[in-house]
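For reference, the structure is listed below as structure tokens.
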Amino acid sequence: MEYDLKAMIRQRRSVRTFKKEPVKPETLQKLEAYLQQLDNPFGIPVEFRILDAKQYSLTSPVLVGESVYVGAKVKHIPQSELAFGYEFEKFCLYAEALGLATVMLASTMDRPAFEKAMEVDNDAAEVMMLVSPIGYKAEKMSVRETMMRKSVKGDERMDFEKICFADSFDKSVCYEQAGIFADAVEMVHLAPSAINNQPWRLVLAGDKVHFYKNIVPQLTNRPLCDIQKVDMGIALAHFELTMSAEGKTCRLIIEEPPLSHPENLEYIASYEIS
Ligand SMILES: Cc1cc2nc3c(=O)[nH]c(=O)nc-3n(C[C@H](O)[C@H](O)[C@H](O)COP(=O)(O)O)c2cc1C
């Protein structure tokens with residue numbers, strides 16, 4: 001199914017209050033087929049499963065009315081957070097295009113129940129980095145959801161100029177100065193992130209864009225995985241998918257450029273237009 005990527009990125013928001021209406025079987029079938037063929041530029045397999053909340057006693061304290069979840073797991077190896085975030089966001093955008101609402105959950109869920117349902121094999125270093133409910137958005141947000149959105153300022157994003165730079169971190173640029181990358185960077189700017197921390201910092205350099213992560217120690221150093229790298233995987237997906245929707249192909253490279261950067265930033269990856 002073709003869909004308008006930029007429209008879905010602009011329209012999507014985390015939903016935590018659902019209608020009691022079950023997800024249509026034909027919609028679930030489409031989603032299932034999509035999840036089976038998802039991939040990522042790191043070549044790391046991510047396994048998705050659609051889970052019935054009642055069957056596996058799955059709950060989340062921040063949700064109301066959900067009855068189906070999507071979980072995913074990956075072997076915890078270098079780049080696995082990036083691969084996971086990339087694929088999970090592709091799933092969320094496709095779900096949005098199918099009329100289904102989602103919210104990524106890394107912590108506010110009954111993790112043991114979800115890990116059991118996902119058959120997470122700790123001995124094989126498998127990690128379930130996120131789950132999400134899928135369903136139809138309720139007309140009105142629950143009080144819990146309203147409070148949650150307020151506490152993370154879910155409707156806000158920092159200024160474009162704070163995340164986008166040209167050639168070095170000394171020169172920030174606005175949307176109008178971002179040239180052929182403007183829309184792709186704007187889509188990164190709108191992406192979801194854990195507690196809305198928006199860790200992405202991008203440096204435009206000729207035909208390349210370098211991605212850095214603004215380190216928040218309590219998110220980066222979580223025992224299960226670096227959740228900010230999951231955020232960065234989401235950002236990479238928004239960037240690459242937007243470029244590709246505009247007919248521009250780009251190649252992912254992981255080769256740190258000789259740029260000096262503030263200490264709180266970590267180089268992640270670059271895209272090069274090909
Ligand atoms: C990696 C990641 C983990 C998240 N974990 C949670 C979570 O545990 N609980 C929750 O309620 N929201 C969680 N969120 C949702 C964010 O709070 C939300 O994306 C952010 O506040 C921006 O709001 P928006 O998605 O409506 O644009 C997570 C989002 C991401 C990307």
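Atoms within a ligand are numbered from 1 in the order they appear, just like the ligands themselves. Only heavy atoms go into these numbers, but all of them, side chains included; no hydrogens, no water, no symmetry mates.
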Legend entry - Lys73 bridged to Glu126 by N-O distance under 4.0 Å: yes
Show me the short polar-atom pairs for ligand 1: any N or O of it lying under 3.5 Å from a protein N or O, with distances only.
from: ligand 1; atom 1: 5 (N); to: Met104; atom 2: O; distance (Å): 3.3
from: ligand 1; atom 1: 5 (N); to: Ala106; atom 2: N; distance (Å): 3.2
from: ligand 1; atom 1: 8 (O); to: Ala106; atom 2: N; distance (Å): 3.1
from: ligand 1; atom 1: 8 (O); to: Ser107; atom 2: N; distance (Å): 2.9
from: ligand 1; atom 1: 8 (O); to: Ser107; atom 2: OG; distance (Å): 3.2
from: ligand 1; atom 1: 8 (O); to: Thr108; atom 2: N; distance (Å): 3.2
from: ligand 1; atom 1: 8 (O); to: Thr108; atom 2: OG1; distance (Å): 3.3
from: ligand 1; atom 1: 9 (N); to: Thr108; atom 2: OG1; distance (Å): 2.7
from: ligand 1; atom 1: 11 (O); to: Arg16; atom 2: NE; distance (Å): 2.9
from: ligand 1; atom 1: 11 (O); to: Arg16; atom 2: NH2; distance (Å): 3.2
from: ligand 1; atom 1: 12 (N); to: Arg16; atom 2: NH2; distance (Å): 3.0
from: ligand 1; atom 1: 14 (N); to: Met104; atom 2: O; distance (Å): 3.0
from: ligand 1; atom 1: 17 (O); to: Arg16; atom 2: NH2; distance (Å): 3.4
from: ligand 1; atom 1: 19 (O); to: Ser14; atom 2: OG; distance (Å): 3.4
from: ligand 1; atom 1: 25 (O); to: Arg12; atom 2: NH1; distance (Å): 2.9
from: ligand 1; atom 1: 25 (O); to: Arg12; atom 2: NH2; distance (Å): 3.1
from: ligand 1; atom 1: 25 (O); to: Ser14; atom 2: N; distance (Å): 3.4
from: ligand 1; atom 1: 25 (O); to: Ser14; atom 2: OG; distance (Å): 2.5
from: ligand 1; atom 1: 26 (O); to: Ser14; atom 2: N; distance (Å): 2.8
from: ligand 1; atom 1: 26 (O); to: Arg149; atom 2: NH1; distance (Å): 2.9
from: ligand 1; atom 1: 26 (O); to: Arg149; atom 2: NH2; distance (Å): 3.0
from: ligand 1; atom 1: 27 (O); to: Arg12; atom 2: NH2; distance (Å): 2.9
from: ligand 1; atom 1: 27 (O); to: Arg157; atom 2: NH2; distance (Å): 2.7

Inset, instruction - Using the test ring-ring contact (aromatic ring centres under 6.0 Å, His included), find all partners of His210 that sit at least two apart in sequence or belong to another chain. - result: none
Legend entry - Lys6/Glu246 salt bridge by N-O under 4.0 Å criterion: yes
Legend entry - Minimum heavy-atom distance Val103-Val15, with the two atoms named: CG1-O, 3.1 Å
Legend entry - Pairs involving residues 183-204, ordered by first then second residue, that meet ring pair (Phe, Tyr, Trp, His ring centres under 6.0 Å) (sequence neighbours left out): Phe160-His189
Legend entry - ring pair (Phe, Tyr, Trp, His ring centres under 6.0 Å): pairs with one or both residues in residues 49-84, sequence neighbours excluded: Tyr69-Phe114, Phe84-Phe88
